[in-house]
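Single-structure report; data block below.
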Amino acid sequence: MNSPNQPLPTFDEVLLCTPQTTAEQVGLFLRRCLIPCSGGEKIYTMLYADELSYDVSCRAEELFQHLQHYNSAYRLVILCNCEREHSYIPSVFSQYKVHMTPQRPLAEIQRYLQHHYRVAQPSSSAASVFKDNMCVGIVSSKRAGMGK
C-alpha cells in the first residue's frame, strides 16, 4: 500500500481460514508460499488461522516445518483474533508474534481501496448498486435477519 498503483493481493496469496478449511487447502497454500518459484515477491497471508481445526492446524505446522527448509526468503503473514491467541496456530508461531496496528490513517487506507475497487465504466453492472461505482460494498445492520 506504499503507492496507489501497488496491486491488491491476488487470489493465490490469501487463505481465508474457517473451521471448515481442509488440510489440503492449507497444504496447497503453504506450498505456494514456501516452495521457491519465479512467482515474484508475493506476500502470503493466512487470515483467521486461529479458526482452523486442531487436526488441520497440526498438519499445517508439520508441513510448514518440513517446507521452510526449501526457502529461507518466504514472506508469510498469519493474522489471528487476539481473543483466540491460545489456539494451536497462534501458540505454535508465538515466537514470531507482532501486535500490529495500522500504520496508515483510515482515510488513506480507504482511498487506496477505492482506487482499486472503483468500476471505470459504470455500465449496467452490479457496481451501480454501491456508492461511487464501487464493485464491492459492506452491508451491515445492528439487527439480525433484516434482509441484508
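No experiment lies behind these values; they were computed from the predicted model shown. Because only heavy atoms are used, hydrogens play no part in the values below, and waters and symmetry mates are left out as well, while side chains stay in.
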According to a hydrophobic-cluster definition based on side-chain heavy atoms being under 4.5 Å apart (Ile, Leu, Val, Met, Phe, Trp, Tyr only), do [X] and [Y] belong together?
X	Y	answer
Leu30	Val14	no
Val77	Tyr88	no
Leu52	Leu47	no
Ile35	Leu28	no
Val56	Phe93	yes

[atom1] of [X] to [atom2] of [Y]: how many Å apart, nearest 0.5 Å?
X	Y	atom1	atom2	answer
Arg32	Lys42	CZ	NZ	8.0 Å
Tyr112	Leu8	OH	CG	4.5 Å
Leu79	Leu16	CG	CG	10.5 Å
Ile43	Tyr74	CD1	OH	14.0 Å
Phe29	Glu13	CZ	CD	8.5 Å
Lys97	Ile78	NZ	CD1	12.5 Å

Next item on the list: Determine yes or no for a side-chain-to-main-chain donor-acceptor pair under 3.5 angstrom, with Glu108 supplying the side chain and Pro105 the backbone.
Entry: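 Flag not set: sc Glu108 to bb Pro105 has no pair under 3.5 Å.
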Note to self: Quick one: does any side-chain atom of Asp50 pair with a main-chain N or O of Asn81 as donor and acceptor, under 3.5 Å?
What the structure shows: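 Checked: pair present.
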Item checked: Contact summary for Cys33 and Asn71, nearest pair of heavy atoms ->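 Minimum heavy-atom separation between Cys33 and Asn71: O-ND2, 3.9 Å.
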Item checked: Short side-chain donor-acceptor distance under 3.5 Å, Asp55 and Ser53 ->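 No pair is found: no donor N or O on one side chain lies under 3.5 Å from an acceptor on the other.
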Note to self: With a 4.5 Å cut-off on side-chain heavy atoms, are Cys17 and Met46 touching?
What the structure shows: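 Yes. Closest side-chain heavy atoms under 4.5 Å.
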Do other residues, nucleotides or ligands put more than 12 heavy atoms under 6.0 Å from [X] [atom1]?
X	atom1	answer
Tyr48	OH	no
Arg59	CZ	no
Gln65	CD	yes

Check: Any idea how His66 and Tyr70 line up, ring-wise: parallel (<30°), tilted (30 to 60°), or perpendicular (>60°)?
Finding: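 Perpendicular, since the angle between the ring planes exceeds 60°.
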